Amino acid sequence: MKKIITILMIIVFTAVLTLGAAGCGQKQTASQQNAKESANTQESAQDEVERIKKAGKLVVGTSADYPPFEFHQVVNGKDQIVGFDIDLAKAIADELGVELEIKDMDFKSIISAVLTKTVDIGIAGFTITEDRKESVNFSEPYLEGGQQIITYVGSGVKSKEDLKGKTIGVQISTTGEEEAKKIEGAKLKQFDTVDAAMMDLLNKRIEAVIIDFAVAQAYAANNPGKLELIGDMLDDAAKAVVLRKEDVKLLEVVNKVINDLKESGEHEKLVKKWFVDFKPSN
Ligand code: ARG
């Protein structure tokens, strides 16, 4: 009996040892795996800049419904996408020595387009948020600004509080949508584009829209006597370029461009061109 117990104990002991070793082995393999992966990531991050250079073009995702950040304008009889963000995108493409390709899409699709590599980066007046930081990287901020309520003249809306029971138009997946959700008793109507939301506002189908302050100003200037900005900005947040987390080398390039623009005074010129002196023409 004693012998059997001893044998049993030996079996159990060996089993524990073997399992333990197997466990360790697995751990080792996992950490080796991690090391390999991070080396790969670094490689692909470096490759990303190289790949863009080889491809000869930088593909930027935007939502061209957001003057003066990005919007359609007829230049020399041709429809073009222009704006502060487009000039910034051009500066990044120049730094990389490549052509710029703009892909216009609904704002809600840009982050997934970045993640699925449909585009290289996203520039669309993106506010830096903690939520977005979970899936993407942000560059250094390139502008400050906040969300603004805009209404039609004669709507009777004079303050945020007046929006109780009223309908606010928002572009899907924006911080404007987040702000609208915080307004007590207000109803939300979601739009794919800001143009569509503004159309509903001008046709008095909704009482307000929440968009970036500068954009509200641009739409108001473009529709004289029809629209008015209500109250203070709802938030105060920085705008930045959106990149894939692994593209750390590309992030360095983008940050260098932003810092160079700031240091050379070119950034100030762009702010003057698109925000201070901006006169929408269509
Ligand atoms: N700043 C806001 C955000 O990050 C709105 C940006 C909307 N941009 C656009 N191009 N429609 O959510």
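Worth saying up front: this structure is predicted, and the values here are computed from it rather than measured.
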- Query: Which pairs count as salt bridge (charged side-chain N to carboxylate O under 4.0 Å, His left out) when at least one residue sits in residues 203-214, sequence neighbours excluded?
  - Reply: D200-R205, D212-K239
- Message: The criterion is ring pair (Phe, Tyr, Trp, His ring centres under 6.0 Å); which residues satisfy it with F275, sequence neighbours excluded?
- Response: F69, F84
- Determine whether the side chains of T118 and T116 contain a donor N or O and an acceptor N or O closer than 3.5 Å. yes
- Output the distance between atom CG (L250) and atom CD1 (I52), rounded to the nearest 0.5 Å. 4.5 Å
- By side-chain contact (heavy atoms from CB on, under 4.5 Å), which residues pair with I128, not counting sequence neighbours? K133, F138, P141, A238, A240
- K256: partners by salt bridge (charged side-chain N to carboxylate O under 4.0 Å, His left out), with sequence neighbours left out: E95, D260
- Query: Hey, quick one: are W274 and I258 part of the same hydrophobic cluster, counting side-chain heavy atoms closer than 4.5 Å, chains of contacts allowed?
  - Reply: yes
- Message: Within the supplied structure, the quantity of interest is the number of heavy atoms (other residues, nucleotides, ligands) at a distance under 6.0 Å from K108 NZ; does it exceed 12?
- Response: yes
- Query: Below 4.5 Å, heavy atoms only, C-beta onward: do R132 and V242 meet side chain to side chain?
  - Reply: no
- Message: With rounding to the nearest 0.5 angstrom, report the CG to CD1 distance, L251 to I121.
- Response: 10.5 Å
- Query: Is there a side-chain contact between S155 and K166 (heavy atoms, below 4.5 Å)?
  - Reply: no
- Message: For A208 versus L163, what's the shortest heavy-atom pair and its separation?
- Response: CB-CD2, 3.7 Å
- Query: Quick check: does any side chain N or O of T175 sit under 3.5 Å from a backbone N or O of E178, one acting as donor and the other as acceptor?
  - Reply: no
- With A180 via side-chain contact (heavy atoms from CB on, under 4.5 Å) - residues at least two apart: I168, V170, L188, I210
- Task: Report yes if some heavy atom in the side chain of D247 is under 4.5 Å from a heavy atom in the side chain of N137; otherwise report no.
- Result: no
- Message: Show the nearest heavy-atom pair for residues A216 and I150, with the distance to one decimal.
- Response: O-CD1, 3.5 Å
- Got a sec, which pairs hit salt bridge (charged side-chain N to carboxylate O under 4.0 Å, His left out) with one end in residues 54-72, sequence neighbours left out? K57-E101
- Query: Between H267 (side chain) and Y142 (backbone), is there a donor-acceptor pair under 3.5 Å?
  - Reply: yes
- Correct closest heavy-atom pair for L201 and Y152 would be O-CD2, 3.5 Å
- Message: I'd like to check M198 versus I211 (side-chain heavy atoms, cut-off strictly below 4.5 Å). Are they in contact?
- Response: yes
- Task: Indicate yes or no: at least one non-hydrogen side-chain atom of V194 is less than 4.5 angstrom from one of Y219.
- Result: yes
- Would you kindly confirm whether L261 and V253 end up in one hydrophobic cluster when ILVMFWY residues are joined by side chain heavy atoms under 4.5 Å apart? yes
- A197 versus V209, closest heavy-atom pair with distance: O-CG2, 3.8 Å
- Does the pair R244/E48 count as a salt bridge with the N-to-O cut at 4.0 Å? yes
- Query: Linking I/L/V/M/F/W/Y whenever their side-chain heavy atoms sit closer than 4.5 Å, directly or via other members, would V59 and F126 fall into one cluster?
  - Reply: yes
- Note on the structure: For G225 and V153, the nearest pair of non-hydrogen atoms, with its separation, is O-CG2, 3.4 Å
- According to the ring pair (Phe, Tyr, Trp, His ring centres under 6.0 Å) rule, which pairs have a member within residues 225-248, sequence neighbours left out? none
- Query: Just how far is it from atom OG of S63 to atom CG of D106, taken to the nearest 0.5 Å?
  - Reply: 6.5 Å
- Query: K272: what forms a side-chain contact (heavy atoms from CB on, under 4.5 Å) with it, not counting sequence neighbours?
  - Reply: V276, D277
- Could you give me the CA-CA distance, side-chain angles and deciding distance for Q80 and I86, then say whether side-chain contact (heavy atoms from CB on, under 4.5 Å) is met? CA-CA 10 Å; Q80 286 189 15; I86 308 305; over 6 Å; no
- Is there a side-chain contact (heavy atoms from CB on, under 4.5 Å) between F191 and I206 once you walk through the steps? CA-CA 12 Å; F191 294 87; I206 54 179; 4.0 Å; yes
- Side chain of S139, backbone of V241: donor and acceptor closer than 3.5 Å? yes
- Taking atom CG of L96 and atom CD of E99, what is their separation to the nearest 0.5 Å? 12.0 Å
- Where A64 and D104 come nearest, the two heavy atoms and their spacing: N-OD1, 2.8 Å
- Task: Please round to the nearest 0.5 Å and tell me the distance separating atom CG of D195 and atom CZ of F71.
- Result: 11.5 Å
- Identify, with sequence neighbours excluded, every residue that meets side-chain contact (heavy atoms from CB on, under 4.5 Å) alongside K164. E184
- Note on the structure: Here the salt bridge (charged side-chain N to carboxylate O under 4.0 Å, His left out) pairs for residues 215-234, sequence neighbours left out, are K158-E228
- Note on the structure: Applied to residues 80-89, the salt bridge (charged side-chain N to carboxylate O under 4.0 Å, His left out) test, sequence neighbours excluded, yields D87-K90, D87-K273
- Item | Side chain proximity check, M233 to Q148, heavy atoms < 4.5 angstrom | yes
- Same apolar cluster (I L V M F W Y, side chains within < 4.5 Å links), V215/I172: no
- Message: Whether the side chain of N203 engages the backbone of M199 through a donor-acceptor N/O pair (distance < 3.5 Å, no angle test) should be reported.
- Response: yes
- Query: What residues form a salt bridge (charged side-chain N to carboxylate O under 4.0 Å, His left out) with K182, not counting sequence neighbours?
  - Reply: E179
- Hey, quick one: are V254 and I110 part of the same hydrophobic cluster, counting side-chain heavy atoms closer than 4.5 Å, chains of contacts allowed? no
- Side chains of V60 and V119: does their closest heavy-atom pair fall under 4.5 Å? no
- Point-to-point distance, once rounded to the nearest 0.5 Å, from CG of D79 to CD1 of I81: 7.0 Å
- Count the heavy atoms of every other residue, nucleotide or ligand shown that sit under 6.0 Å from CD of E268, and state whether that count exceeds 12. no
- Query: Does a side-chain heavy-atom distance below 4.5 Å link I149 with I183?
  - Reply: yes
